[in-house]
Amino acid sequence: ADTIAWDGEYDVVVIGFGGAGAVSACYAADAGAKVLLIDKAPQGMEGGNTRFCGQIILNSDDKEAMLAYNKAMAGDFEIDEELFDVYAEGLTQTKTMLRDFFGVPEENFLDWKEDSSAQPMIAMFIPEYPELEGGDALHVLTVSDNVCNSALWKTYRNKVMSMGDNIDVWYMSPATKLFQDPVSRAVIGVEIDKAGETVNIRAKNGVVMTMGGFENNKQMVEDFLGLTKSAPAGTTFNTGDGIKMAMACGADLWHMSNVSGFNWAYQSPYLSTCSSASGLAGKGIYAGISGKRFMDESAGTRHGRIDI
């Protein structure tokens, strides 16, 4: 750290002002940290995919059921047991977190499983995969009476703005490099392109990378997913920057071939290795590179998982 000309210092630097970045920054600030939260989007266009998604929140009172459900969802992908446990536990705390920490009034919550007025579009998520064990215990919440309205994103953003004494936000400031101690290998800071000016920020207690995916990086999509033609659904700022920076620090890649999306299967030359939704029921059959069918073509389109 002593060999770098630092332009500033924070306890924690969070890269990416989407849902995950907002929550991370707020929790760090609540614990007393001075936080820098940066995003490469201009102000008003930040938020990542959290801003534009359906705002649908998974929730459950049954941790064991969620363990079973998510293990079934994982299929052949190997996932650490501790991660399974943390995720299942988190699903039981979602509503409490949003109410007690993010200030969502109790009357604002809508449980689409319990409310008889649930729209058909939402019903498919309760659960989205009813054939999997544990799905009956899954609930779907929103923090408003509708979906696709950025309500959850606004909840997170408002909390960040309310903690301005401990959280500084920089827009149009993409991270360009991580500084890594050559002996301990710890990441100790970030190089940032702040509106065209290179700024080196030291992070005394860590860098949190919440930079989204790579759906708008055509080369990465082809390299990792085998898709030479695709229409990405995601913010134009998700170009895999975080993956490149992490690789430069020696990070291993994990599950990079796992794709979520609608109607992508027919676009890939590696059909038999993709986990994809059909969405083209009754319009033909799919054959992999072996010439054999590998999936149920009559299955309805869901968020990318189908048994093959």
Side-chain angles (χ1 to χ4, degrees), residues 8 10-29 33 35-53 83 86-87 90 150 152-153 156-157 159-160 167-180 185-225 227 230 232-261 304:
Y10 287 82
D11 295 312
V12 176
V13 177
V14 180
I15 310 175
F17 190 4
V23 172
S24 299
C26 289
Y27 272 118
V35 181
L36 174 62
L37 175 59
I38 64 174
D39 199 275
K40 69 176 179 179
Q43 186 172 2
M45 296 182 69
E46 78 283 1
N49 289 348
T50 302
R51 181 173 189 158
F52 301 105
C53 70
L83 287 181
V86 168
Y87 192 69
S150 297
L152 179 63
W153 157 245
Y156 290 149
R157 189 182 190 282
K159 183 68 174 180
V160 169
I167 303 175
D168 290 339
V169 181
W170 293 357
Y171 304 97
M172 297 182 66
S173 299
T176 51
K177 183 175 74 174
L178 298 175
F179 292 109
Q180 185 179 32
R185 309 297 290 167
V187 174
I188 57 174
V190 187
E191 179 186 273
I192 302 169
D193 179 0
K194 186 181 182 185
E197 177 186 359
T198 299
V199 178
N200 297 332
I201 299 297
R202 185 177 182 182
K204 294 192 295 183
N205 293 305
V207 175
V208 182
M209 301 178 72
T210 58
M211 305 171 68
F214 57 88
E215 64 269 23
N216 274 291
N217 184 314
K218 291 185 178 180
Q219 188 62 56
M220 282 188 169
V221 169
E222 183 172 352
D223 290 345
F224 294 129
L225 305 179
L227 296 171
S230 63
T235 172
T236 56
F237 299 103
N238 280 2
T239 53
D241 300 356
I243 296 167
K244 297 175 186 176
M245 283 188 280
M247 289 173 65
C249 290
D252 289 332
L253 301 183
W254 190 49
H255 295 185
M256 299 301 290
S257 64
N258 195 15
V259 55
S260 175

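For Gln219, the side chain to side chain contact (heavy atoms under 4.5 Å, CB included) partners two or more places apart in sequence, or in a different chain, are Asn217, Asp223. Applying the side-chain hydrogen bond (donor to acceptor under 3.5 Å, both in side chains) rule to Arg157 yields the partners Glu46, Tyr171; only residues at least two apart in sequence or on another chain are considered. Residues passing the side chain to side chain contact (heavy atoms under 4.5 Å, CB included) test with Val160, sequence neighbours excluded: Phe17, Ala22, Cys26, Leu37, Ile167, Val169. In terms of the side chain to side chain contact (heavy atoms under 4.5 Å, CB included) criterion, residue partners of Val23 (sequence neighbours excluded) are, by chain and number, Tyr27, Phe102, Tyr156. Asp168 meets the side-chain hydrogen bond (donor to acceptor under 3.5 Å, both in side chains) test with Tyr10; sequence neighbours excluded. When the side chain to side chain contact (heavy atoms under 4.5 Å, CB included) test is applied to Met256, the partners found at least two apart in sequence or on another chain are Phe214, Phe224, Ile243, Leu253.
For residues 238-249, every residue pair satisfying the side-chain hydrogen bond (donor to acceptor under 3.5 Å, both in side chains) rule, not counting sequence neighbours, is listed here: Lys40-Thr239, Lys40-Asp241, Glu215-Asn238, Thr239-Asp241. Pairs engaging residues 12-21 under the salt bridge (charged side-chain N to carboxylate O under 4.0 Å, His left out) rule: none recorded [sequence neighbours left out].
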Let me check something: any side-chain donor-acceptor pairs from residues 197-205 under 3.5 Å, sequence neighbours excluded? List them with distances.
from   : atom 1 : to   : atom 2 : distance (Å)
Asn200 : ND2    : Ala5 : O      : 3.3

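Between Gly19 and Thr50, the closest heavy-atom pair is N-OG1, 3.1 Å.
Distance check: Arg51 CZ to Ser150 OG gives 6.0 Å after rounding to the nearest 0.5 Å. Note: Met209 CE to Met245 CE = 4.5 Å, rounded to the nearest 0.5 Å. In this structure, CG in Asp39 is found 8.5 Å from OG in Ser173, a value given to the nearest 0.5 Å.
Within 6.0 Å of CE on Met172 lie no more than 12 heavy atoms contributed by other residues, nucleotides or ligands.
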Practice item. Go through the steps for Val190 and Leu178 under the test side-chain contact (heavy atoms from CB on, under 4.5 Å), then give the verdict. Key: CA-CA 5 Å; Val190 187; Leu178 298 175; 4.2 Å; yes
Practice item. Quick one: do Ile38 and Ile192 satisfy side-chain contact (heavy atoms from CB on, under 4.5 Å)? Show the steps, please. Key: CA-CA 9 Å; Ile38 64 174; Ile192 302 169; 3.8 Å; yes
